[in-house]
K.L.:
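Supplied in structure tokens, the structure appears directly below.
If you read the sequence from its start, that first residue is 1, and numbering goes on from there.
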Amino acid sequence: MSGSTLPLEITDLRTTLFTRRGEMKAVDGLSLTVGAGETVALVGESGCGKSLSALSIMRLLPDPPARIVGGQVKLNGRDIVPLPEETMLGIRGKEIGMIFQDPISSLNPVTTVEKQIVEVLMTHTELGRGQARVRAHELLELVGMPDAARRLDAYPHQLSGGMCQRVVIAMAIACSPSVLIADEPTTALDVTVQAQVLALLKKLQADAGMAMIFITHDLGVVAETADRVVVMYAGRKVEEASVDELFENPLHPYTVGLIGATPTPGAERAERLADIPGMVPPLNALPQGCAFAPRCTRVMDRCLTEKPALTVPGPGRLVACFAAQGG
């Protein structure tokens with residue numbers, strides 16, 4: 001498959017926050033591709049740059065203080081970074097959709113479910129209002145909304161969190177986008193509903209062949225949903241691998257720590273999970289060398305002064321770590 005035919009191809013994406021405390025590199029040289037029907041997970045702790053990467057891809061950054069300062073985001077072969085906002089309004093929702101973390105705050109509280117889905121359809125398709133209403137009902141049934149016909153007249157506050165997330169998903173896929181970004185889509189939901197939403201997303205993607213970026217801090221979810229995994233730390237990609245290779249042989253000490261902190265299904269409750277000491281450094285106080293060095297169990301002298309570049313330790317794998325590269 002040539003690069004121009006990939007649904008999503010990101011090259012050296014750089015997003016900077018311009019603040020009174022100086023310039024902060026929130027997304028620092030991110031490159032990744034997502035093929036049709038493929039799910040790539042972005043993982044890492046809060047503050048690692050996952051959500052800002054998603055907002056950069058969607059061109060939804062709050063400006064000020066955030067701005068894309070370099071790189072390309074090719075959507076179906078077209079770089080959308082330089083496009084004017086008027087053009088982006090026609091692209092968001094039609095070619096690329098997004099599911100946000102908090103489903104309730106993603107919806108208009110004073111507008112019915114039907115009107116919100118109909119608005120998306122009438123903005124991006126040739127459907128008339130009557131046809132859009134019929135399609136809105138079909139979409140709610142597609143995403144497994146209980147008693148879909150009755151929910152069309154409901155307001156968001158009358159629905160549970162899981163129902164609101166189904167509405168958000170219906171809106172995101174209403175126009176059959178080729179790319180879907182799901183930013184922590186199950187964080188605000190209870191465990192049972194989480195499983196239902198994950199199964200729904202997998203089915204919708206399989207049926208439509210969408211490319212999907214799945215953002216999460218939960219590697220347990222990654223194991224169930226992703227084909228490939230990109231591990232981020234302090235705005236940079238530090239490891240990339242297929243999901244099987246990542247769990248079988250993690251190379252970066254940060255990835256090892258994340259896996260160690262993930263509960264194992266069926267394990268005893270008394271099992272003590274590993275933790276990663278310390279916290280993700282603030283963007284205005286990054287270490288001189290490797291950003292993970294102050295928390296790393298394999299730190300070497302050069303880690304304190306040099307930033308490791310991404311290298312290729314094997315087919316389909318990338319890692320930015322001197323220890324993993326043999327020192």
K.L.:
Run the side chain to side chain contact (heavy atoms under 4.5 Å, CB included) test on T16 and R67 for me, step by step, so that the C-alpha distance in whole Å, both residues' side-chain angles and the decisive distance to 0.1 Å come before the verdict.
P.N.:
CA-CA 6 Å; T16 297; R67 193 182 316 150; 6.0 Å; no
K.L.:
What is the ring orientation for H252 with Y254, classed by angle as parallel under 30°, tilted 30 to 60°, or perpendicular over 60°?
P.N.:
perpendicular
K.L.:
When rounded to the nearest 0.5 angstrom, what distance separates CG in L55 from CG in D183?
P.N.:
7.0 Å
K.L.:
I'd like to know whether E95 forms a side chain to side chain contact (heavy atoms under 4.5 Å, CB included) with N76, so could you lay out the CA-CA distance, the side-chain angles of the two residues, the decisive distance to 0.1 Å, and finally the verdict.
P.N.:
CA-CA 9 Å; E95 296 182 46; N76 299 313; 3.5 Å; yes
K.L.:
Indicate yes or no for a side-chain donor-acceptor contact from T87 to the backbone of L83 under 3.5 Å, with no hydrogens or angles considered.
P.N.:
no
K.L.:
To the nearest 0.5 angstrom, please state how far the CG atom of L200 sits from the CE atom of M145.
P.N.:
10.5 Å
K.L.:
Just how far is it from atom CE of M98 to atom CE of M171, taken to the nearest 0.5 Å?
P.N.:
13.5 Å
K.L.:
Please tell me whether T11 and S31 have a donor and an acceptor in their side chains that are separated by less than 3.5 angstrom.
P.N.:
no
K.L.:
For S56 and T15, run side chain to side chain donor-acceptor pair (under 3.5 Å): C-alpha distance rounded to whole Å, both residues' side-chain angles, the deciding distance at 0.1 Å, then the answer.
P.N.:
CA-CA 7 Å; S56 300; T15 296; 2.8 Å; yes
K.L.:
Would you call L139 and L121 a side-chain contact if the rule is heavy atoms closer than 4.5 Å?
P.N.:
yes
K.L.:
Output the distance between atom CG (L286) and atom NZ (K25), rounded to the nearest 0.5 Å.
P.N.:
9.0 Å
K.L.:
Check the pair V231 / E240 against side chain to side chain contact (heavy atoms under 4.5 Å, CB included), numbers first and verdict last.
P.N.:
CA-CA 6 Å; V231 181; E240 179 175 352; over 6 Å; no
K.L.:
Looking at every heavy atom in both V230 and K237, which two are closest together, and how far apart are they?
P.N.:
CG1-CD, 3.4 Å
K.L.:
Please check: side-chain N/O of K307 versus main-chain N/O of G289, any donor-acceptor pairing under 3.5 Å?
P.N.:
yes
K.L.:
Do other residues, nucleotides or ligands put more than 12 heavy atoms under 6.0 Å from the CE atom of M88?
P.N.:
yes
K.L.:
Is the shortest side-chain heavy-atom distance between M163 and V167 below 4.5 Å?
P.N.:
no
K.L.:
Treating Q131 as the side-chain partner and G128 as the backbone partner, does any N or O pair qualify as donor plus acceptor under 3.5 Å?
P.N.:
yes
K.L.:
Answer yes or no: is there a side-chain heavy-atom contact under 4.5 Å between L201 and P185?
P.N.:
yes
K.L.:
Calculate, to the nearest 0.5 Å, the distance between atoms CZ and CG belonging to R228 and L32 respectively.
P.N.:
7.0 Å
K.L.:
What closest approach, in Å, do L304 and A293 show between heavy atoms, and which atom pair accounts for it?
P.N.:
CD2-CB, 4.1 Å
K.L.:
Under a 4.5 Å cut-off applied to non-hydrogen side-chain atoms, are T187 and Q194 in contact?
P.N.:
no
K.L.:
Answer yes or no: does atom CD of E86 have more than 12 heavy-atom neighbours from other residues, nucleotides or ligands under 6.0 Å?
P.N.:
no
K.L.:
If only side-chain N and O atoms count, and only distance matters, is there a donor-acceptor pair under 3.5 Å linking Q196 with R166?
P.N.:
yes
K.L.:
Evaluate the criterion side chain to side chain contact (heavy atoms under 4.5 Å, CB included) for residue pair D147 and R150; output intermediate values, then yes/no.
P.N.:
CA-CA 6 Å; D147 200 359; R150 188 162 64 89; 2.6 Å; yes
K.L.:
Nearest 0.5 Å please: distance from the NE2 atom of H124 over to the CD1 atom of I91.
P.N.:
10.0 Å
K.L.:
Please report the closest heavy-atom contact between E45 and R295, naming both atoms and the distance.
P.N.:
OE1-NH1, 2.9 Å
K.L.:
Please tell me if the side chains of V43 and H217 come closer than 4.5 Å, counting only heavy atoms from C-beta onward.
P.N.:
no
K.L.:
Distance-only, no hydrogens or angles: does the R21 side chain make a donor-acceptor pair with backbone N or O of N284 under 3.5 Å?
P.N.:
no
K.L.:
Can you check side chain to side chain donor-acceptor pair (under 3.5 Å) on E239 and T255, steps first, answer last?
P.N.:
CA-CA 8 Å; E239 184 164 1; T255 310; 2.8 Å; yes
K.L.:
Under a 4.5 Å cut-off applied to non-hydrogen side-chain atoms, are V40 and F214 in contact?
P.N.:
no
K.L.:
State yes or no: do I104 and I99 share one hydrophobic cluster built from I, L, V, M, F, W and Y residues joined by side-chain heavy-atom distances below 4.5 Å, directly or via other members?
P.N.:
no
K.L.:
Of the non-hydrogen atoms in A132 and M122, which two are nearest, and what is the gap between them?
P.N.:
CB-CG, 4.0 Å
K.L.:
Check for a donor-acceptor pair, side chain of Q72 on one end and backbone N or O of I10 on the other, with a separation under 3.5 Å.
P.N.:
no
K.L.:
When hydrophobic residues are tied together by side-chain contacts of less than 4.5 Å, even through go-betweens, does I181 share a cluster with L61?
P.N.:
yes
K.L.:
Please determine, by modelled atom types, if Q325 and T311 share a side-chain donor-acceptor pair under 3.5 angstrom.
P.N.:
yes
K.L.:
Are the side chain of K74 and the backbone of I80 linked by a donor-acceptor contact shorter than 3.5 Å?
P.N.:
no
K.L.:
Can M232 be reached from V73 by stepping across I, L, V, M, F, W or Y side chains whose heavy atoms are under 4.5 Å apart?
P.N.:
yes
K.L.:
One pair to check against salt bridge (Lys or Arg N to Asp or Glu O under 4.0 Å): R92 and E85. What are the steps and the verdict?
P.N.:
CA-CA 10 Å; R92 289 189 212 103; E85 177 59 20; 2.9 Å; yes
K.L.:
For a quick test of reading the model, state the closest non-hydrogen atom pair linking H137 to A148 and the distance between them.
P.N.:
CD2-CB, 3.9 Å
K.L.:
Indicate yes or no for a side-chain donor-acceptor contact from R14 to the backbone of I68 under 3.5 Å, with no hydrogens or angles considered.
P.N.:
no
K.L.:
Consider only side-chain heavy atoms of I, L, V, M, F, W and Y, link residues closer than 4.5 Å, and tell whether L180 and L189 are in one cluster.
P.N.:
yes
K.L.:
Contact between Q158 and R151 at the side-chain level, heavy atoms closer than 4.5 Å - yes or no?
P.N.:
no
K.L.:
When you measure from the side chain of E38 to the backbone of G35, do you find a donor-acceptor pair of N or O atoms at a distance under 3.5 Å?
P.N.:
yes
K.L.:
Ignoring hydrogens and geometry, is there a side-chain-to-backbone donor-acceptor pair from T111 to N108 under 3.5 Å?
P.N.:
no
K.L.:
Tell me whether L30 is reachable from V280 by hopping between hydrophobic residues (I, L, V, M, F, W, Y) whose side-chain heavy atoms are closer than 4.5 Å.
P.N.:
no
K.L.:
Side-chain donor-acceptor pair under 3.5 Å between D153 and T112, yes or no?
P.N.:
no
K.L.:
Do E114 and R133 come within less than 4.5 Å of each other through their side chains, counting heavy atoms only?
P.N.:
yes
K.L.:
Other residues, nucleotides and ligands only: do more than 12 of their heavy atoms fall within 6.0 Å of CG on D301?
P.N.:
no
K.L.:
Kindly give the heavy-atom pair with the smallest separation between A226 and V243, and that separation in Å.
P.N.:
O-CG1, 3.3 Å
